[in-house]
Every structure is written in structure tokens, then in C-alpha cells.
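Here is the structure we will look at, set down as C-alpha cells.
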Amino acid sequence: MSMRQLSDEPPWYVALRALWPEPHEITHGPGRRGGSAQAFLLLPRASRATLLVPDRPGKATAAALKNYKSPSTRRGRLQARALHGLGRTGAAVLSPSRAKVRIAAGQDSLPAHFSRLLDEEIVIGMNLGPPRANQKPVVQIMRRNGELVAFAKVGVNDLTRQRVTGEAAALTELSRRNLVHLSIPPLLHHGSWGECVYLVLAPVPTWTAGGIDTAARSKAMCELAQTPATSRGSLSSLTWWQRTMANLKRSAGVAEADQLLARSRWMQHRWGELDFEVGAAHGDWTPWNMATPGARAVVWDWERFAGDVPVGFDALHYGLEAAVRLDNMSPREAVEHVAGRAGAIVAENGANPAQGSAIFALYLLGLGERFITDGQLEAGAPKGALSSWLLPGLERLVDRASRGTGEH
């Protein structure tokens, strides 16, 4: 069965089938594994599993539960510790929902390939994250004693293969830079196996006691924007603007794309000759993609890295996502909250605060284009339809600017 035939299967099955293609057998049901099968606990439950944990050995079970995410709040850190405790005591194996992989004799698999690459006997767990178009397995690669060896990302379809390849290129490029305030995961391996594309990363610190250090984050964000250097240009001359417009025009006829195109024409009329600073951006700069264990910010998930983005986008993305996930605002409330502080937020990224509203409008336009191009709307974007939050926020920014009540 090819990956293209798996679209109606649950995400946990798609992930396991990517790593163990036929003729390996994958089944689901209660009870312990037997014979040559490998078993995974499906958490929190099979219908919404975002975490696949090896049911043994116990130390690997505990480690997979502890490492499954980077908690960005005190509550998240407490939950992670509680999960680790369940794994350590063996209580986690009481979960009734299991997926079992029965290994076909003489047949290769992606975990076996990873074992050969790393020259290690390994145990794996997997993180899937929330349902979205770019959902892909993130594999925890551990020793049997639970010690983390590496993480691997696996692209299983056209979009995720493109993302994994892009992240490998970004990490390769950034590893050549003399970064002082920013640290990235070392890239160990990048290649293809079967229908999958993968990258294997060395582990990095993912916990920050007391939360993300604002000063370290801001220094790293500014350093990244200037890697290797920023440039300036009018809106219509920016390659980012040209690429965004081309993607929206290819989606013409989709209601959300048509609305964004209508707003973009006004934006180009209003801001087309304004000089914007552009530089490098992470593309998903959030509290859960970084840690600040020391003076440097350790940042991962570089699949959306680009070198030609208006400076300020990373800071605005951080502000918007933190408002939704950490401050429990609705997406619509978060857009209004960031709009009111846009000048100060982009200044943290090294951008001109007088251009805050304009840069935020461009950011929202680009975010909307990304949702449409990646197919996030069809996949059930967690924030909901663009018409419920992004489009109204962009409309208000444009209206304020047209009345002369916003920045440039």
C-alpha cells in the first residue's frame, strides 16, 4: 500500500505504516504484545492519538513520555513530569489502547535504517502533533535505558517531504554561520528511505526553568534576522511579496484567497513604495520551539525558514501564538491584542516601530496565504476558518490605515 492510499487512515496508522511498510503487519487493540510484535501505547486515545509510546522497556516508556514536548507553561511542565512518573512506575502500560507492529522476517524498516545510521540498538517513540496538513512523525530515538540518542523527522507526503528537505537545507546553511546568541540542533543525517524523506537531529535542551528568557529570545531573533545581513526595498520589489502574490493568484477562486487578494491590492497601493527591511526568519518562532537554558536561545523546527522575509514577522508570530496558547485568548482576540502593540513587538525584532501596523498586515496576509497553499483549511486548522479571525483582523488594520489612524 503506497502512502497516497492512506489518506483515510488514522494519523497513528499512517505514521507507523511509513516506518514499517507492508509486508510488516500493523494491528490495533487492547492487551500486551506477543511474539515478535512491537507495541505502542496510543495516547491520549486511539481516536486522537498524538503520542505513540513504546510499551517496553519501562525506562524507554518513561523517557518517551517525558520528552514528547517542550512544555512552555508551568502547567505543561507539571503535566510532563506527571507523565514521566506514570512511565517510570509502569502505570502507563495500563492504557487499553495499543498499536502493534509485527515484524516481517527479512524485511527492512525505517527504524532499522536509523539503527544502522547511528550504529545503535534503538527503541523509538513518536510525536504526531495536532491534525494539520503538515502533520508528520517526529521520532524519538532512544537506547533501551531511555537515554535519548536523536530525533528524526519523517516526510510522508509531498508537503511534508518538502518541509523536511527545506529544514535540512536551513540547518546546513545556519550551521555555517558564526551565531553568538542562537543555537540550532546539529544535523546528523538527511536522506530518503522508501517513499519517505528524513532528517536526524542530535538532541538539544528543551526545558527552560521559569519559562523563556525574553532578553535571550530577543537577541537570538535579531541575530537571525541579520544572518547574513538585512536589506531594504519597496514592497513591490520584495521577493517575499512577489512569491506571496503568485501563490494567492494560483488559488484564485478560493473565497479566502480572493479576499486576501482584494486586501493586497489596497496594501500595495498604500504601502507599495514604502521601504521595508527584510532578512532571515524562522517562520514558526514560538515558545514551544525554543528553550533558553543559558545565555543562548536554543531553537528547533526550522522547516519554514526563509531569508527574504520582512523583519518583524518572527516577533509578531511569537506574540500571536503566545496570546492564543499561553494567555488563552481566542484567535480573533489575539489578533486585536497584537495589533494594538505591533510597533513595540516588531521593534523587539529590530524593525522600525513606526511600520508596526503595516508589517503586521503583511504578516497576516502571508499567514493566510500559507494556510491556503499548505491546505491547512481543509485539514482542519486549529484556529478555525480565516473568516473568523484573520480576515476581520486584516480588514481592521487596512481600515485604520486608510483613515490615517494607524502607522504608515
Side-chain angles (χ1 to χ4, degrees), residues 12 14-21 24 26 33 36-41 51-70 84 87 99 101-129 136-156 160-161 163-176 183-207 289 291 298-303:
W12 63 263
V14 175
L16 288 175
R17 183 52 79 196
L19 272 64
W20 284 280
H24 302 294
I26 298 173
R33 66 179 176 180
S36 61
Q38 299 188 21
F40 295 89
L41 312 178
L51 180 63
L52 281 69
V53 178
D55 77 337
R56 62 179 71 177
K59 289 182 178 179
T61 304
L65 287 165
K66 179 182 179 181
N67 296 331
Y68 88 103
K69 68 174 184 177
S70 174
H84 183 233
V101 180
R102 189 171 296 279
I103 307 301
Q107 298 296 317
D108 202 6
S109 67
L110 189 50
H113 181 68
F114 289 153
S115 181
R116 293 191 297 271
L117 283 176
L118 298 167
D119 195 24
E120 295 262 12
E121 182 183 358
I122 63 171
V123 179
I124 71 161
M126 277 192 282
N127 312 341
L128 298 180
K136 58 189 168 300
V138 177
V139 182
Q140 301 179 37
I141 302 176
M142 299 166 285
R143 298 187 176 96
R144 292 183 61 81
N145 64 2
E147 184 179 352
L148 188 60
V149 176
F151 281 100
K153 287 189 175 184
V154 183
V156 298
T160 55
R161 283 190 287 266
R163 294 292 185 217
V164 168
T165 299
E167 180 162 7
L171 292 170
T172 300
E173 178 181 339
L174 290 169
S175 68
R176 301 185 181 121
S183 180
I184 63 172
L187 176 63
L188 301 179
H189 301 283
H190 171 235
S192 60
W193 184 90
E195 294 188 39
C196 300
V197 172
Y198 63 82
L199 58 83
V200 181
L201 306 171
V204 293
T206 59
W207 287 66
N289 282 341
V298 183
V299 183
W300 52 91
D301 281 355
W302 289 90
E303 62 186 47

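No hydrogens, no waters, no symmetry mates; every other heavy atom, side chains included, goes into these values.
- The CD atom of Gln140 sits 5.0 Å away from atom CG of Asn127, with the distance rounded to the nearest 0.5 Å.
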From CA spacing to verdict: side-chain contact (heavy atoms from CB on, under 4.5 Å), Leu41, Leu65 = CA-CA 10 Å; Leu41 312 178; Leu65 287 165; 6.0 Å; no
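- We find the CD1-CH2 distance between Ile103 and Trp20 to be 6.0 Å, quoted to the nearest 0.5 Å.
- Salt bridge Arg143/Glu121: absent, no basic N to carboxylate O contact under 4.0 Å.
- The side-chain heavy atoms of Ile124 and Phe40, taken from C-beta on, include a pair separated by under 4.5 Å.
- Nearest heavy atom pair, residue Ala64 against residue Pro54, reads CB-CD, 3.9 Å.
- No donor-acceptor distance shorter than 3.5 angstrom exists from the side chain of Ser192 to the backbone of Val197, with no hydrogens or angles considered.
- Looking only at atom types and distance, the side chain of His189 has no donor-acceptor partner in the side chain of Tyr198 under 3.5 Å away.
- Considering every non-hydrogen atom in both His24 and Ser109, the closest pair reads NE2-CB, 4.1 Å.
- For the pair Arg56 (side chain) and Gln38 (backbone), a donor-acceptor distance under 3.5 Å is absent.
- From Leu188, atom CG reaches atom CG of Leu117 across 9.5 Å, with rounding to the nearest 0.5 Å.
- Checked for salt-bridge contact, Arg163 and Asp301 miss the test: no charged N lies under 4.0 Å from a carboxylate O.
- Asn289 contributes atom CG, which lies 11.5 Å from atom OG1 of Thr206 (distance to the nearest 0.5 angstrom).
- If you run side chain to side chain contact (heavy atoms under 4.5 Å, CB included) between Leu174 and each of Ile184, Val299, Leu187, only Ile184 comes through.
- Across all non-hydrogen atoms, the minimal contact from Gly155 to Val164 is N-CG2, 3.6 Å.
- Between the His113 side chain and the Leu19 main chain, no donor and acceptor come within less than 3.5 Å of each other.
- Here the closest non-hydrogen pair linking Met126 and Val139 is CG-CG2, 3.9 Å.
- Counting heavy atoms from C-beta on, the side chains of Leu128 and Leu52 come closer than 4.5 Å.
- The minimum heavy-atom distance linking Trp300 with Pro185 is given by the pair CB-CG, 3.8 Å.
- Distance check, rounded to the nearest 0.5 Å: CG of Leu16 to CD1 of Ile26 gives 5.0 Å.
- A distance-only check finds a donor-acceptor pair linking the side chain of Thr172 to the backbone of Ala168 [under 3.5 Å].
- Using a 4.0 Å cut-off between charged nitrogen and carboxylate oxygen, Lys153 and Glu303 count as a salt-bridge pair.
- At a threshold of 4.5 Å between non-hydrogen side-chain atoms, the residues Asp108 and Trp193 count as touching.
- Within the model, atoms SG of Cys196 and NZ of Lys136 stand 13.0 Å from one another, a figure rounded to the nearest 0.5 Å.
- Of the possible donor and acceptor atoms, none in the side chain of His190 sits under 3.5 Å from a partner among the backbone N and O of Leu199.
- Between the side chain of Glu120 and the main chain of Ser115, no donor-acceptor pair closer than 3.5 Å is present.
- Counting all heavy atoms, side chain and backbone alike, Ile122 lies closest to Pro111 at CD1-O, 3.5 Å.
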